[in-house]
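Quick notes on the structure that follows.
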Amino acid sequence: MEAPPAAQRPWRPSQLVTLLSDYGLDDPYVGIVKGVLQRESSALRAVIDLTHGIPPGDVAAAAFLLERSWFHFPSGTVHVAVVDPGVGSARELLLVEARGQALVAPDNGLLWPLLASEPGALVLRADERAPRAGASHTFHGRDRLAPLAARLCDGTPPAALGAPCADPVRLELPRVEQDAAGDVLAEVVHVDRFGNLITNVPGELLARGRGPDWRAEWQCCVGGERFALVRTYAEARPGDPVALVDAYERLEIALREDSAARVLALGRGTRVRFQQRKRSGA
Amino acid sequence: MEAPPAAQRPWRPSQLVTLLSDYGLDDPYVGIVKGVLQRESSALRAVIDLTHGIPPGDVAAAAFLLERSWFHFPSGTVHVAVVDPGVGSARELLLVEARGQALVAPDNGLLWPLLASEPGALVLRADERAPRAGASHTFHGRDRLAPLAARLCDGTPPAALGAPCADPVRLELPRVEQDAAGDVLAEVVHVDRFGNLITNVPGELLARGRGPDWRAEWQCCVGGERFALVRTYAEARPGDPVALVDAYERLEIALREDSAARVLALGRGTRVRFQQRKRSGA
Amino acid sequence: MEAPPAAQRPWRPSQLVTLLSDYGLDDPYVGIVKGVLQRESSALRAVIDLTHGIPPGDVAAAAFLLERSWFHFPSGTVHVAVVDPGVGSARELLLVEARGQALVAPDNGLLWPLLASEPGALVLRADERAPRAGASHTFHGRDRLAPLAARLCDGTPPAALGAPCADPVRLELPRVEQDAAGDVLAEVVHVDRFGNLITNVPGELLARGRGPDWRAEWQCCVGGERFALVRTYAEARPGDPVALVDAYERLEIALREDSAARVLALGRGTRVRFQQRKRSGA
């Protein structure tokens, strides 16, 4: 027997809320959202910042980082993601239930990559009651999303807070392609603080159907250069870029104890090819 | 019957403490303050960072952001604000009770804008017991303010921790003026992460006594340029600066999907005039 | 009777965990570690960030800041420190119990300065059970340290999670020396957000055996310049650098309301001499 669809499982909040935004930390915007969560929720246990360093308005960056983070959290967690250049316009708020967790965000594509990988998710358009007196047109993180998260945190199931939505706004992140020879055509989708160049290629795509030495069967080509795949940063020689499966479970290009992005002068959007090495005598 | 003055209402802590400082996040100063709060309080539920990105020693920036934030928190919250160039000197610590919340800060003007808007506040000079052995002359956030906040959080009412203070240090933020014609003379008092230029003009000042279309009756003049007032960022055309009521409930100048501060090369201290449009045939 | 060694005191967790890393805050790495702590611990009360702004891979900076922070926390606190250029290599994880607190970190010297000042500490090599399915080679903060901290937080004593380790990796921070004349030869080991130049000299080293006016008996020499020792920032005249005992209980060089590092163009590694003033008629 299959698992019942998301809407029919009981909603059991973990009383944890995560926040992801482009608010930065120099303004009190994030603190104010937390104040509202505390004011509106009686069950809230902890609020966890995913990041507030998303470049202003960069919905694609937020979508990538959220999709690579949310599944590490306990069942019952409520994720609030706000990168919202359309705040105050007619755009709706989306409410998603997947793997026993809930997510709320503007319906601007932020949740699309996550939805694309979770076909069983329950997707709702938030059906808010009449806007409160004094609700702003410019700060829905505080005035609409935090109150919604508080209700989820206090036990109201997602299905009671919205109506099914069949056409959430789509946002396609760069796709991984495979050519006729089996080579993998990828793209750098993120650069982290260490200057690691994170591609859109899942580790398991290169490992699939190969033995434990799968790394030796590939090389990573960028521009005219070729880099070996290794298991850990420590296996690289200083000065030699390498590719490895990273914290996001994606292939990244890294430079031991230095910034690959700076030294190679590469960044988001760089095309990368993972090429199969010719096997002699196979 | 009027509400009794602040001192006579029972103090009911929410067991929440907020922190605002110029400590930054690269040193462990904020973490250490939280360690002391946990060590000294048995009731503490959560500590919320408002911001630690205040420019070093910028008491006016801290005063503006605190005054625009604190009222979003639950009754019983304790706010600790530390921007304190005079740490270790003879300056006193101030302890304020207002709207059922408490605030502690150096008596250097940081709380003045908030006090100016809360005439019913109870203002006390913190009456600390003998300084503890080992208390520093350089880190009162840790050694004096955190222990004070812990006592408030655990139930000691503000009035038990200080003596009334009639002359807290004043710090006047730029005032809004209105000329004979009714135009509003304002100033940019803050620039946020998005490059929005936040003025000192409350939205309700321009809306007062006008209908729902009050925005159409004003224009915002800076240098030789004039900008329309809109309701949301999304109503602006990319490239056209606009003015709108923002997250701080103040009028700000913004540029859709770009930084008004950078593109217009304006910043804190810029003079802004909100001018009434001539109404034809009225 | 002496206190029993650390291993024999019962382990009483405070259910607080602190984090210190070079992860930065722009990626969700820190948030994910907190998600795992919440998922794996049933007792966790709060997670406190010490800092995530350690320069990438700078184990010495992390070691200095951790050693100057941890003792402010309640007994039973678990400190997780991850600056880990050797992640995924053969390096082990260290587990330390000292003063009723626990610390976990890679065995790369990060804990050495703390161990050097805590001769009674219990030092263990973490004896993890078989690595979990899916554990990465690149993110041990999430996959190995957080689960270990969760077990400590939930009551498992350190001694049950590792085997004694007699030879942890050493990392010597710059040492304070004293010459024949009694002058103190020091070094700047950290620069904070305010541009204060923090040396490795404990305040008590200069005060020892002297009266309350010990500051007047010393001067601070850097390059050809000499600075007076004062008690508070406010005692300095703007523009005149001074030395004083700081938030880390170390002597630092500071400039009132300005950055000593910027104005003096000095930084980490600068040599500093604390010289005794000649006392007339002594």
Side-chain angles (χ1 to χ4, degrees), chain B residues 15-17 19 21-49 51-59 82-91 106 108 132 134-144 146-147 150 193, chain C residues 14-16 18-20 22 24-25 45-55 61-62 64-77 79 81 101 190-196 198 203-204 230-236 238 244-250 252 254 256-259:
Chain B
Q15 300 163 347
L16 299 174
V17 174
L19 302 178
S21 80
D22 59 355
Y23 293 163
L25 295 175
D26 285 346
D27 274 87
Y29 298 143
V30 173
I32 290 170
V33 168
K34 292 177 183 172
V36 173
L37 285 168
Q38 291 284 358
R39 208 182 60 204
E40 308 259 330
S41 165
S42 55
L44 182 63
R45 201 148 55 84
V47 182
I48 296 172
D49 297 305
T51 178
H52 301 287
I54 302 293
D58 191 340
V59 177
V82 213
V83 175
D84 193 13
V87 59
S89 70
R91 70 100 188 85
N108 61 10
R132 304 164 187 229
S136 73
H137 304 296
T138 47
F139 195 2
H140 285 181
R142 174 190 69 198
D143 297 335
R144 298 181 61 197
R193 185 195 194 216
Chain C
S14 66
Q15 299 161 349
L16 300 174
T18 82
L19 302 179
L20 176 146
D22 60 355
L25 296 175
R45 200 148 55 84
V47 182
I48 296 174
D49 297 304
L50 280 178
T51 177
H52 301 287
I54 302 293
F64 172 75
L65 293 176
L66 181 63
E67 193 274 325
R68 293 286 80 213
S69 303
W70 75 290
F71 54 85
H72 292 291
F73 286 79
S75 180
T77 298
H79 302 276
Q101 300 188 63
H190 180 65
V191 178
D192 76 3
R193 186 197 193 212
F194 300 91
N196 297 319
I198 292 144
E204 75 258 21
V230 297
R231 215 173 44 95
T232 71
Y233 298 107
E235 285 171 32
L244 75 178
V245 179
D246 66 16
Y248 294 117
E249 294 166 38
R250 294 290 177 261
E252 75 176 23
R256 184 171 173 179
E257 292 163 37
D258 210 334
S259 161

Checked Gly141(B), Gly57(B), Pro56(B) vs chain C; the most non-hydrogen pairs under 4.5 Å come from Pro56(B)
dist Thr232(C):OG1 -> His140(B):NE2 (nearest 0.5 Å) comes out at 9.0 Å
(message) Side chains of Ile48(C) and Gln38(B), heavy atoms from C-beta outward: is any pair under 4.5 Å?
(response) yes
Q: Would you please test Leu50(C) and Phe73(C) for side chain to side chain contact (heavy atoms under 4.5 Å, CB included) and show each step?
A: CA-CA 11 Å; Leu50(C) 280 178; Phe73(C) 286 79; 3.8 Å; yes
Between the CZ atom in Arg39(B) and the OG atom in Ser14(C), the distance rounded to the nearest 0.5 Å is 12.0 Å
Most contact-rich option vs chain B, by heavy-atom pairs under 4.5 angstrom, among His72(C), His52(C), Arg68(C), is His72(C)
Whatever's closer than 4.5 Å to a heavy atom in chain C on Arg45(B) counts as neither
**Asked** So, does Arg256(C) use its side chain to make a donor-acceptor pair with the main chain of Glu235(C) at under 3.5 Å?
**Response** no
The single option from Asp22(B), Val82(B), Val59(B) that satisfies side chain to side chain contact (heavy atoms under 4.5 Å, CB included) with Ile54(B) is Asp22(B)
Okay, Leu20(C) and chain B: the region with an atom under 4.5 Å from a heavy atom over there is neither
Bottom line for Thr18(C): the part with an atom under 4.5 Å from chain B's heavy atoms is neither
So, the part of Ala247(C) with a heavy atom under 4.5 Å from chain B: the answer is both
Under 4.5 Å to a heavy atom of chain B? For Asp49(C) that would be backbone
Whatever's closer than 4.5 Å to a heavy atom in chain B on Leu66(C) counts as neither
Rounded to the nearest 0.5 Å, the OH atom of Tyr23(B) sits from the CZ atom of Arg142(B) at a distance of 9.0 Å
Under 4.5 Å to a heavy atom of chain B? For Leu65(C) that would be both
Which label fits Tyr29(B) and Phe194(C): parallel for a plane angle under 30°, tilted from 30 to 60°, or perpendicular past 60°?
tilted
Whatever's closer than 4.5 Å to a heavy atom in chain C on Ser89(B) counts as both
Ranking Asp192(C), Leu25(C), Asp246(C) by heavy-atom pairs under 4.5 Å to chain B gives rank one to Asp192(C)
